[in-house]
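All remarks here apply to the structure that follows.
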Number of protein chains: 2
Amino acid sequence: MGTTQLETVPEPKYWHLRTVLSEALENEFSVGEILPNERELAARFGVARATLRQALEQLELEGRLQRRRGVGTTVAPPRMGVSVGPAQHGWPGAPGDAWQALDCTLEVPPASVAETLVTGRDEPVHIVRRSRVSHGQPVAAELLYIPASSVPDLTGIDLPSGTARARAVLRELQHLELERQENTVELGSANAEDARELDRLPGAPVLVVTTRFITRGRTAALSVATYRADTCRLTFGDTGAVEVHHGPERRAS
Amino acid sequence: MGTTQLETVPEPKYWHLRTVLSEALENEFSVGEILPNERELAARFGVARATLRQALEQLELEGRLQRRRGVGTTVAPPRMGVSVGPAQHGWPGAPGDAWQALDCTLEVPPASVAETLVTGRDEPVHIVRRSRVSHGQPVAAELLYIPASSVPDLTGIDLPSGTARARAVLRELQHLELERQENTVELGSANAEDARELDRLPGAPVLVVTTRFITRGRTAALSVATYRADTCRLTFGDTGAVEVHHGPERRAS
DNA sequence: CAGTGGTCTAGACCACCCA
DNA sequence: GGGTGGTCTAGACCACTGC
């Protein structure tokens, strides 16, 4: 520690609360257990409910708590590891892919996406919606943008609809030779649609993983996947490793 | 009541505010510009200050705004890309490394760390503190845990202190053959120390990147790096690519 | 010093879940 | 219907910045 300063600085109440609750979670509660309600906790600690909630929000952000309206606050299990590396998808839709295709439309993508793909503005692309489930829970929602030029054999053909269509587009994608992929991760907040799909409220924190699939120097497809930040720990570059839940409960202390 | 919308689903005020402000940011403000203060904004939109603040918090989380106590709220520049892949560090401290070593101590690591390293409990390890700066701004703080067994030639030797000591340990590490590394990313909140180093308040959202450096199947070192989630976009697997700021301003619409 | 964002209070009502 | 968390209000005071 070296220089321990004799704090003249008063710690905010909610921060101190967070610490106290955090320790209580480790020592006095087990995973899945339900906490006393907010009004009681606030009274017990002698603070306003808003202050107590600030502390709970912190802990929820850190994946320690799970709160559900109408139900209560429960102790969250350790975050699950979900693999996001090149090992995971060769191409989207390849065997072993953790994603489930939902449907597919042909629409003009947002400007920021059109910019990354080489497509011109107002040029529609295939948009495949997929969802990812792990341990019985939805963990991510994805939009896959695929320019028509990446699946040339589908132009002019009468495509089916729904999941069949999505699978047809993905199957076509496999014909391309995947050179490499580039991933970026950043913090975002769930929009209304993602929130519904992830069983969260709008604005919930998500990890946005953007993947560029590159063939011959060109971006052949672009994936924007939003992962629940509260329940997921993203793993990269696990050569061959599969997603793993935290081992047998090992929490105390 | 001029019922502009008949929404059977009433959108929360703060969420609607977020949308309105978000559009205003794109159309009426430029990067670095300072917004009216919270009290005035709240009055202007006819909401309580707390509600206005909820909207601002969202936007700050998304990296759109930057708020500083005593100063004001400003429009944030686009997030900067910081590369985190194997391309970045061969070994920590290798040439081209983006990190700056600060100091090094010999301490017993947290239980969760000791568990990942093979070390027994209560066995001290070298802990190197490093910091990463990009575009003149601190973006990450790191703790590097290195078991004594990974740098055997240093045992019993009289080590210097401060940055010299950190560099000595890192230099010794280069002698090992790096098999591969595994990265995980998850959301966290800055503790007091990280917050100070990152020029943020405690509890600020951070992206925690944990890297296991593996030699001959063993974890030879463990890095826990906390990146500012508001200003950083992590990039992975950019073979050879260097960190790049967003290109020339291209924001509108 | 004045002005900013950060913390905190004590209420109120609403949306949702479940017995 | 009773209980939960989610939203919102109208205040107050504090900590920090910069002039």
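Below, read A as the first sequence line, B as the second, and so on, with proteins coming before strands; counting in each chain starts at 1.
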Legend entry - Pairing of A/Glu38 and A/Arg53 as salt bridge, 4.0 angstrom limit: yes
Legend entry - Separation of atom CZ in A/Arg200 from atom P in C/dC16, rounded to whole Å: 15 Å
Legend entry - Nearest-neighbour nucleotide for the B/Arg53 side chain, C/dG5, D/dC8, D/dT9 considered: C/dG5
Legend entry - Spacing of A/Glu57 atom CD relative to C/dT7 atom C1', expressed in whole Å: 13 Å
Inset, instruction - Report the distance from atom CD of A/Gln66 to atom C1' of C/dC16, rounded to the nearest whole Å. - result: 16 Å
Inset, instruction - Using a cut-off of strictly less than 4.0 Å, decide whether A/Asn37 has a side-chain nitrogen or oxygen near OP1 or OP2 of D/dG3. - result: no
Inset, instruction - Give the nucleotide from the list D/dG5, C/dC8, C/dT9 with an atom nearest to the side chain of A/Ala50. - result: C/dT9
Inset, instruction - Could you pull out the closest heavy-atom pair between B/Pro36 and B/Leu41, with the gap in Å? - result: O-CD1, 3.5 Å
Legend entry - Under 4.0 angstrom between A/Thr51 side-chain N/O and C/dT7 OP1 or OP2: no
Inset, instruction - Can you tell me the distance, in whole Å, between the CD atom of A/Glu11 and the C1' atom of C/dT7? - result: 13 Å
Inset, instruction - Examine C/dT9: is either OP1 or OP2 under 4.0 Å from a nitrogen or oxygen in the side chain of A/Lys13? Give yes or no. - result: yes
Inset, instruction - For salt bridge (Lys or Arg N to Asp or Glu O under 4.0 Å), just list the numbers for A/Arg44 and A/Glu40, CA-CA rounded to whole Å, side-chain angles, deciding distance to a tenth of an Å, and then say yes or no. - result: CA-CA 6 Å; A/Arg44 187 178 301 185; A/Glu40 179 174 338; 2.7 Å; yes
Legend entry - Backbone N/O of A/Asp230 and side chain of A/Arg79: donor-acceptor pair under 3.5 Å: yes
Legend entry - Closest to side chain of A/Arg49, choosing from D/dC16, D/dA10, C/dA12: C/dA12
Inset, instruction - Choose from D/dC13, D/dG5, C/dT7 the nucleotide whose nearest atom is closest to any side-chain atom of B/Arg39. - result: D/dC13
Inset, instruction - Quickly work out the B/Leu52 CG to C/dT4 C1' distance and round it to whole Å. - result: 14 Å
Inset, instruction - Mind checking A/Arg68 for me? I need base, sugar-phosphate or nothing, with any heavy atom below 4.0 Å counting as a touch. - result: sugar-phosphate
Inset, instruction - Would you indicate, yes or no, if D/dG6 has its OP1 or OP2 atom less than 4.0 angstrom from a side-chain nitrogen or oxygen of A/Arg67? - result: yes
Legend entry - Nearest-angstrom distance from the residue atom NE2 of B/His16 to P of D/dC8: 12 Å
Legend entry - Which atom of B/Val82 lies closest to which atom of B/Cys232, heavy atoms considered: CG2-CB, 4.2 Å
Inset, instruction - Specify the separation, in whole Å, of atom CG of B/Leu201 and atom P of D/dC14. - result: 18 Å
Legend entry - d(CD, A/Gln54; P, D/dC14) in whole Å: 17 Å
Inset, instruction - Could you say whether B/Pro202 or B/Gly70 is positioned toward the 5' end of DNA chain C, judged by the nucleotide with the nearest heavy atom to each? - result: B/Gly70
Inset, instruction - Could you check which of D/dC8, C/dT9, C/dG6 has an atom nearest any side-chain atom of B/Glu38? - result: C/dG6
Inset, instruction - Report yes if a side-chain nitrogen or oxygen of B/Thr73 is closer than 4.0 Å to either non-bridging phosphate oxygen (OP1 or OP2) of C/dG5; otherwise report no. - result: yes
Inset, instruction - Could you check B/Val47, B/Thr51, B/Leu56, B/Leu52 and say which one makes a side-chain contact (heavy atoms from CB on, under 4.5 Å) with B/Tyr14? - result: B/Thr51
Inset, instruction - Consider the side chain of A/Arg69, meaning its heavy atoms from C-beta on, and name the nucleotide among C/dT7, D/dT4, C/dG5 that approaches it most closely. - result: D/dT4
